[in-house]
Undergrad: 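The following block contains the structure, expressed as structure tokens.
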Amino acid sequence: SEVESIAREFRARELPCDVLWMDIDYMDGHRSFTFDPVGFPAPRTLSDTLHAHGFKSIWILDPHLRQEPGYAPYDEGTRGGHWVTWPDGTPYTGKVWPGLCVFPDFLNRDARAWWGRLTLDFVDRSGADGIWNDMNEPAVFEVEGKTMPLTVRHDADPELGGPGFHGRYHNVYGMQMARATYEGLRTGRPDRRPFVLSRANYLGGQRYAAAWTGDNRATDEHLHMALPMVLNLGLSGQPFAGPDIGGFAEPCTGEDFARWFGLGTLLPFARAHTEKHNIRKEPWSFGPRVEALCRRALQTRYRLLPYLYTAFEEAARTGCPVARPAFFADPRAEWLRTCEHEFLLGGDVLVDLALDDATRDARRLSADTRAWQPATIVAGAPEPLLLGAMLLWANMHGGFTLGLMLAGAFALDAVVGARDNAERRSLFFAWAKFGVAAGLVACVTPYGYESILVTSRIFSLGDALNMI
């Protein structure tokens, strides 16, 4: 299959990759919870094959369900009364990918529980490791506003506000869908940490799903918009976010694709995604030079995984974003609030964007070489103007430790929670003037729901020399 062919290419070309994503083309007639009998006749076998090569698979599920007697989810939802309705009680219908569709009322706990059971059954049949919820604003075709009317009704739970019009609940519809998906997975697989990605979300939705910034375009404008969007999502309580790397719509050049990769791989959520009938946008699609740059970008992200997981643990514990505006380095410095092309990953790594000559702030943190020193995370000469971003080693505080993976690790299972796998890990030290450094590393087992171990240690210079 094409999915297996792409997986083989990633491994043969030594391009780190952990997840392949299944868009709506796996479905039978774009019906959620079904499989195309020709293109995807054995989804569980496909997932097992991917697992054997170290890949996870994440499958898309849309909220709209075709209004079609005999289609099991439609029949079940009708019997259970789980649809959004007009004020007279008849189900609201709108055209989306499968044709005329009904929409689950995710504001209602019974509807959420039903959706969760459908999702869990789907995961069992597909072998999926996670779920991607799309079109959940909700999107509706051929209508003004491209969404459902504000006058349709929800039978919302009392704690959510009780029955009311869609105009009151529109902004939380997507979050409640993500909640239904998440709760279904957590209830049915309590030993596995659910992964859900949602296009629509709301304040508090970070409890249920990661977010991507939607159907962007492969333009300079959208490339430059990606960072402020992710930073603002982080400041709004959604730390796990990122754009479609390479742009969902429209073609791009190889150099532009490398710039997208340079930035995108250093954001909390990193996924390349493009629309059907666009040009191919795998890292090898643009020739060996761009492929090499993408490999370097991916290896950099993989080396940083323990550090990123530690930043995520901090975000879960304190609410501090993973990707942070530059002013987090010194909230008292007002000039940092106008710094648009540098950002922090966690508290100790600074990223200086070099997308082009125009994306250079007049005053930058990285200009202070006494506080921030360049770091090469992966060996090799950097090409920041093409790669799109340059990492800088944070040395302002002194006395901290950064955990890294050795370059070349592929499967996430191998790099997260491998506390006893010393050959895959290394430490960078930034010494305080007395020759000590404090280390904080979060070790997260791949599927343990709350099995997070945070270790803190004070290292001496002698400790470091003994590790060499």
Undergrad: Any side-chain heavy-atom pair from Tyr173 and Phe103 closer than 4.5 angstrom?
TA: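 They are in contact (side-chain heavy atoms under 4.5 Å apart), so the answer is yes.
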Undergrad: Salt-bridge test for Glu159 and Arg109: reply yes if a basic N is under 4.0 Å from a carboxylate O, no otherwise.
TA: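 Salt bridge flag = yes for Arg109 with Glu159.
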Undergrad: Are Asp352 and Phe343 side-chain neighbours, meaning at least one heavy-atom pair lies under 4.5 Å?
TA: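 Not in contact.
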Undergrad: Does the pair Ser198 and Asn201 meet the rule for a side chain to side chain donor-acceptor pair (under 3.5 Å), with working shown?
TA: CA-CA 7 Å; Ser198 180; Asn201 218 328; 4.8 Å; no
Undergrad: Please lay out, stage by stage, how Arg179 and Gln176 fare under the test side chain to side chain donor-acceptor pair (under 3.5 Å).
TA: CA-CA 5 Å; Arg179 176 185 178 183; Gln176 294 302 315; 3.2 Å; yes
Undergrad: Are Leu266 and Leu304 close enough that some pair of their side-chain heavy atoms sits under 4.5 Å apart?
TA: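 Heavy-atom side-chain distance check passes, below 4.5 Å.
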Undergrad: Exactly one of Asn216, Thr219, Thr274, Ile279 should register a side-chain contact (heavy atoms from CB on, under 4.5 Å) with Glu250. Which one does?
TA: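 Filter result, single survivor: Thr219.
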Undergrad: Could you check if a side-chain atom of Trp284 sits within less than 4.5 angstrom of a side-chain atom of Cys294, using non-hydrogen atoms only?
TA: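 No, side chains not in contact.
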Undergrad: Phe55 ring centre to Arg11 NZ or CZ under 6.0 Å, with the angle to the axis within 45°?
TA: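 Verdict for Phe55: a cation-pi partner in Arg11.
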Undergrad: State whether a side-chain donor-acceptor pair under 3.5 Å links Tyr302 with Asp18.
TA: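 Side chains of Tyr302 and Asp18: pair found under 3.5 Å.
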Undergrad: Using a 3.5 Å distance criterion without hydrogens, assess whether the side chain of Asp62 forms a donor-acceptor pair with backbone atoms of His64.
TA: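 Side chain of Asp62 to backbone of His64: no pair is present.
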Undergrad: Would a 4.5 Å heavy-atom cut-off, applied to side chains only, mark Tyr307 and Phe312 as touching?
TA: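 With C-beta onward as the side chain, the pair stays apart.
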Undergrad: So that I can tick it off, tell me whether Arg199 and Asp215 are bridged by a salt bridge, with the cut-off set at under 4.0 angstrom between side-chain N and carboxylate O.
TA: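 A salt bridge links Asp215 with Arg199.
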Undergrad: Give me the ring orientation class for His170 and His166: parallel if the planes are under 30° apart, tilted from 30 to 60°, perpendicular past 60°.
TA: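 Judged by the thresholds at 30° and 60°, the geometry between His170 and His166 is perpendicular.
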Undergrad: Decide, yes or no, whether a salt bridge links Arg295 with Glu14 under the criterion of side-chain N to carboxylate O below 4.0 Å.
TA: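 So Arg295 does not pair with Glu14 through a salt bridge.
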Undergrad: Does Pro138 offer a backbone N or O that forms a donor-acceptor pair with the side chain of Thr147 under 3.5 Å?
TA: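 Pair found, side chain donor or acceptor close to backbone of Pro138.
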Undergrad: By the definition salt bridge (Lys or Arg N to Asp or Glu O under 4.0 Å), identify the one residue from Arg192, Lys56, Arg189 that meets it with Asp129.
TA: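 Of the listed residues Arg192, Lys56, Arg189, the salt bridge (Lys or Arg N to Asp or Glu O under 4.0 Å) partner of Asp129 is Arg192.
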Undergrad: Hey, mind stepping through Ser5 and Glu2 against side chain to side chain donor-acceptor pair (under 3.5 Å) and telling me if it holds?
TA: CA-CA 5 Å; Ser5 175; Glu2 184 173 6; over 6 Å; no
Undergrad: So, are Glu275 and Arg280 salt-bridged, with charged N and O less than 4.0 Å apart?
TA: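 Between Arg280 and Glu275 there is no salt bridge, as every charged N stays at least 4.0 Å from the carboxylate O atoms.
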Undergrad: If you measure only the distance, is there a donor-acceptor pair under 3.5 Å linking the side chains of Glu313 and Thr310?
TA: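 No donor-acceptor contact under 3.5 Å links the two side chains.
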Undergrad: Okay, side chain of His154, backbone of Leu107: is any donor-acceptor separation there less than 3.5 Å?
TA: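 Between the backbone of Leu107 and the side chain of His154 there is no qualifying donor-acceptor contact (under 3.5 Å).
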Undergrad: Looking only at side chains, do Asn133 and Thr181 share a donor and an acceptor under 3.5 Å apart?
TA: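 Yes.
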Undergrad: Using ring-ring contact (aromatic ring centres under 6.0 Å, His included), reason through Phe327 and Trp335 one step at a time and then give a plain yes or no.
TA: CA-CA 8 Å; Phe327 64 74; Trp335 70 269; over 10 Å; no
Undergrad: Cationic tip of Arg112 within the cone over Phe106's six-membered ring, i.e. under 6.0 Å and within 45° of the normal?
TA: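 Negative - Arg112 is either too far from the ring of Phe106 or too far off its axis.
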Undergrad: Quick one: sort the Trp212 and His273 rings into parallel, tilted or perpendicular, breaks at 30° and 60°.
TA: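 Perpendicular.
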Undergrad: Assert yes or no for the condition that the ring centre distance of Phe33 to Trp59 is strictly below 6.0 Å.
TA: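 Ring centres of Trp59 and Phe33 not closer than 6.0 Å.
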Undergrad: Is a donor on one side and an acceptor on the other found under 3.5 Å between the side chain of Ser126 and the backbone of Ala128?
TA: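 The answer is yes, because a donor-acceptor pair under 3.5 Å joins these two groups.
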Undergrad: Centre-to-centre under 6.0 Å for Phe261 and Phe257, is that the case here?
TA: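 Here the rings of Phe257 and Phe261 have centres that are less than 6.0 Å from each other.
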Undergrad: Side chains of Thr213 and Leu233: does their closest heavy-atom pair fall under 4.5 Å?
TA: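 Yes. Closest side-chain heavy atoms under 4.5 Å.
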